[in-house]
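Owing to the predicted nature of the structure, the values given are computational and were not obtained by experimental measurement.
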Amino acid sequence: QVQLVESGGGLVQAGGSLRLSCAASGRTFSSTAMGWFRQAPGRERELAAAISRSGSGTYYADSVKGRFIISTDNAKNTVYLQMNSLKPEDTAVYYCASSTLPFISVQQIRYNYWGQGTQVTVSS
(Lines give C-alpha, C1' and ligand atoms only; values in the text may rest on other atoms or scores of the structure.)
Protein backbone atom coordinates (compact mmCIF):
# COMPACT_ATOMS: atom_id res chain seq x y z
CA GLN A 1 0.00 0.00 0.00
CA VAL A 2 1.25 3.46 -0.91
CA GLN A 3 0.30 6.60 0.97
CA LEU A 4 0.83 10.07 -0.47
CA VAL A 5 0.57 13.17 1.68
CA GLU A 6 0.64 16.62 0.12
CA SER A 7 1.58 19.84 1.88
CA GLY A 8 2.52 23.39 1.02
CA GLY A 9 -0.75 24.76 -0.28
CA GLY A 10 -2.19 28.06 0.84
CA LEU A 11 -3.23 31.54 -0.13
CA VAL A 12 -0.88 33.66 -2.21
CA GLN A 13 -1.15 36.84 -4.23
CA ALA A 14 -0.88 36.79 -8.00
CA GLY A 15 2.75 36.76 -9.06
CA GLY A 16 3.81 34.91 -5.94
CA SER A 17 5.26 31.43 -5.48
CA LEU A 18 4.46 28.27 -3.59
CA ARG A 19 6.18 24.92 -3.32
CA LEU A 20 4.06 21.82 -2.92
CA SER A 21 5.51 18.67 -1.42
CA CYS A 22 4.26 15.11 -1.63
CA ALA A 23 5.72 12.58 0.78
CA ALA A 24 5.31 8.92 -0.04
CA SER A 25 5.35 5.93 2.23
CA GLY A 26 5.09 2.28 1.36
CA ARG A 27 7.54 2.31 -1.52
CA THR A 28 10.20 4.49 -3.05
CA PHE A 29 9.57 7.07 -5.72
CA SER A 30 12.18 5.51 -7.94
CA SER A 31 9.71 2.80 -9.02
CA THR A 32 7.24 4.76 -11.14
CA ALA A 33 6.45 8.10 -12.67
CA MET A 34 4.72 10.72 -10.53
CA GLY A 35 2.26 13.45 -11.37
CA TRP A 36 0.65 16.57 -9.98
CA PHE A 37 -2.96 16.99 -10.97
CA ARG A 38 -5.25 19.90 -10.18
CA GLN A 39 -8.97 20.47 -10.10
CA ALA A 40 -10.57 23.88 -10.08
CA PRO A 41 -14.19 24.38 -9.01
CA GLY A 42 -16.55 23.30 -11.75
CA ARG A 43 -13.77 21.93 -13.89
CA GLU A 44 -12.38 18.50 -14.62
CA ARG A 45 -9.21 17.34 -12.97
CA GLU A 46 -6.20 17.88 -15.22
CA LEU A 47 -2.56 16.87 -15.22
CA ALA A 48 -0.42 19.91 -14.46
CA ALA A 49 3.00 18.25 -14.39
CA ALA A 50 4.60 14.82 -14.34
CA ILE A 51 8.04 13.32 -14.02
CA SER A 52 9.35 9.96 -15.19
CA ARG A 53 10.82 7.33 -12.94
CA SER A 54 14.36 8.27 -13.90
CA GLY A 55 13.66 11.96 -13.52
CA SER A 56 15.00 12.62 -16.99
CA GLY A 57 11.58 13.20 -18.49
CA THR A 58 9.05 15.83 -17.51
CA TYR A 59 5.68 16.97 -18.76
CA TYR A 60 3.95 20.29 -18.23
CA ALA A 61 0.51 21.41 -19.27
CA ASP A 62 0.66 24.39 -21.60
CA SER A 63 -1.01 26.52 -18.97
CA VAL A 64 1.86 26.05 -16.48
CA LYS A 65 4.83 25.64 -18.80
CA GLY A 66 7.65 27.99 -17.93
CA ARG A 67 6.19 28.71 -14.47
CA PHE A 68 6.02 25.32 -12.69
CA ILE A 69 8.86 22.90 -12.03
CA ILE A 70 8.40 19.29 -10.93
CA SER A 71 11.23 17.47 -9.19
CA THR A 72 11.88 14.49 -6.96
CA ASP A 73 14.16 13.67 -4.06
CA ASN A 74 14.36 9.90 -3.97
CA ALA A 75 16.31 9.91 -0.72
CA LYS A 76 13.35 11.64 0.94
CA ASN A 77 10.65 9.83 -1.06
CA THR A 78 9.25 13.21 -1.95
CA VAL A 79 8.08 14.91 -5.12
CA TYR A 80 7.86 18.68 -5.35
CA LEU A 81 6.00 21.18 -7.47
CA GLN A 82 7.56 24.61 -7.49
CA MET A 83 4.96 27.09 -8.68
CA ASN A 84 6.13 30.55 -9.72
CA SER A 85 4.37 33.57 -11.21
CA LEU A 86 1.08 32.24 -9.93
CA LYS A 87 -2.14 33.43 -11.53
CA PRO A 88 -5.71 33.43 -10.19
CA GLU A 89 -6.51 30.70 -12.72
CA ASP A 90 -4.05 28.42 -10.92
CA THR A 91 -6.49 28.29 -8.01
CA ALA A 92 -7.40 24.63 -7.51
CA VAL A 93 -6.98 21.61 -5.31
CA TYR A 94 -3.67 20.01 -6.19
CA TYR A 95 -3.26 16.26 -6.00
CA CYS A 96 -0.12 14.17 -6.03
CA ALA A 97 -0.46 10.81 -7.80
CA SER A 98 1.67 7.77 -8.40
CA SER A 99 1.61 6.10 -11.79
CA THR A 100 1.55 2.39 -12.60
CA LEU A 101 4.15 3.06 -15.30
CA PRO A 102 7.82 4.13 -15.21
CA PHE A 103 7.25 6.63 -18.00
CA ILE A 104 4.93 9.62 -18.15
CA SER A 105 1.29 9.20 -19.07
CA VAL A 106 -1.30 11.96 -19.26
CA GLN A 107 -4.11 9.47 -18.69
CA GLN A 108 -5.51 9.64 -15.17
CA ILE A 109 -6.40 5.96 -15.32
CA ARG A 110 -2.66 5.22 -15.27
CA TYR A 111 -2.34 6.69 -11.78
CA ASN A 112 -3.38 4.30 -9.06
CA TYR A 113 -2.45 6.07 -5.82
CA TRP A 114 -3.60 9.57 -4.93
CA GLY A 115 -3.03 11.99 -2.11
CA GLN A 116 -5.82 13.80 -0.33
CA GLY A 117 -5.14 17.10 -2.07
CA THR A 118 -3.98 20.51 -0.97
CA GLN A 119 -5.77 23.78 -1.71
CA VAL A 120 -3.97 26.52 -3.61
CA THR A 121 -5.71 29.87 -3.81
CA VAL A 122 -4.26 32.75 -5.82
CA SER A 123 -5.79 36.15 -5.20
CA SER A 124 -5.76 38.91 -7.80
For this session: Taking Thr100 for its side chain and Arg110 for its backbone only, find out whether a donor-acceptor pair lies under 3.5 Å.
Result: yes
Problem set entry | Aromatic ring pairing Trp114/Tyr95, orientation class (parallel under 30°, perpendicular over 60°, tilted between) | perpendicular
For this session: Indicate, with yes or no, if Val2 and Val79 share a hydrophobic cluster defined by side-chain heavy-atom contacts under 4.5 Å among Ile, Leu, Val, Met, Phe, Trp and Tyr.
Result: yes
For this session: Give a yes or no on whether the backbone of Cys96 and the side-chain of Tyr111 come within a donor-acceptor separation of less than 3.5 Å.
Result: no
For this session: Would you confirm whether Ser56, through its side chain, and Ser54, through its main-chain N or O, come within 3.5 Å as a donor-acceptor pair?
Result: no
Exercise. At what distance, to the nearest 0.5 angstrom, does CG of Leu101 lie from OG1 of Thr32?
Worked result: 8.5 Å
Problem set entry | Nearest heavy atoms of Phe103 and Ser99, plus distance in Å | O-OG, 4.4 Å
Exercise. Does the Glu89 side chain pair with the main chain of Ser63, one donor and one acceptor, at a distance under 3.5 Å?
Worked result: no
Problem set entry | Inter-residue atom distance Ile70.CD1 - Thr58.OG1, 0.5 Å rounding | 8.0 Å
Exercise. Which atom names give the shortest non-hydrogen contact between Ile69 and Tyr60, and what distance separates them?
Worked result: CA-OH, 3.3 Å
Problem set entry | Contact check, side chains of Val12 and Met83, non-hydrogen atoms, under 4.5 Å | no
Exercise. Judged by atom type as modelled, is there a donor-acceptor pair below 3.5 Å linking the side chain of Thr72 to the main-chain atoms of Asn74?
Worked result: no
Problem set entry | Sidechain-backbone polar pair: Thr91 side chain, Val122 backbone, donor-acceptor under 3.5 Å | yes
Exercise. Under a 4.5 Å cut-off applied to non-hydrogen side-chain atoms, are Gln119 and Val93 in contact?
Worked result: yes
Exercise. Do Phe37 and Ile104 share a hydrophobic cluster (ILVMFWY, side-chain heavy atoms under 4.5 Å, transitive)?
Worked result: yes
Exercise. Any side-chain heavy atom of Gln116 within less than 4.5 Å of one from Glu6?
Worked result: yes
Exercise. Going by heavy atoms in the side chains, are Val120 and Arg38 under 4.5 Å from each other?
Worked result: no
Problem set entry | Between CG on residue Asn84 and OG on residue Ser17, distance to nearest 0.5 Å | 4.0 Å
For this session: For Leu86 and Leu18, work out which heavy atoms get closest and say how close.
Result: CD1-N, 3.9 Å
For this session: Apply the test salt bridge (charged side-chain N to carboxylate O under 4.0 Å, His left out) to residues Lys87 and Asp90: give CA-CA distance (whole Å), side-chain angles for both, the deciding distance (0.1 Å), then the verdict.
Result: CA-CA 5 Å; Lys87 304 175 181 180; Asp90 294 318; over 6 Å; no
Exercise. Atom CG of Leu47 and atom OH of Tyr59: how far apart are they, to the nearest 0.5 Å?
Worked result: 5.5 Å
For this session: Considering non-hydrogen atoms only, spot the tightest contact between Ser98 and Leu4 and give its length.
Result: N-CD1, 3.8 Å
For this session: Could you tell me which non-hydrogen atom of Ala92 sits nearest to which non-hydrogen atom of Ala40, and how far apart they are?
Result: CB-N, 3.8 Å
For this session: Identify the heavy atoms of Ala14 and Ser124 that sit nearest to each other, and give their distance.
Result: CB-CA, 4.4 Å
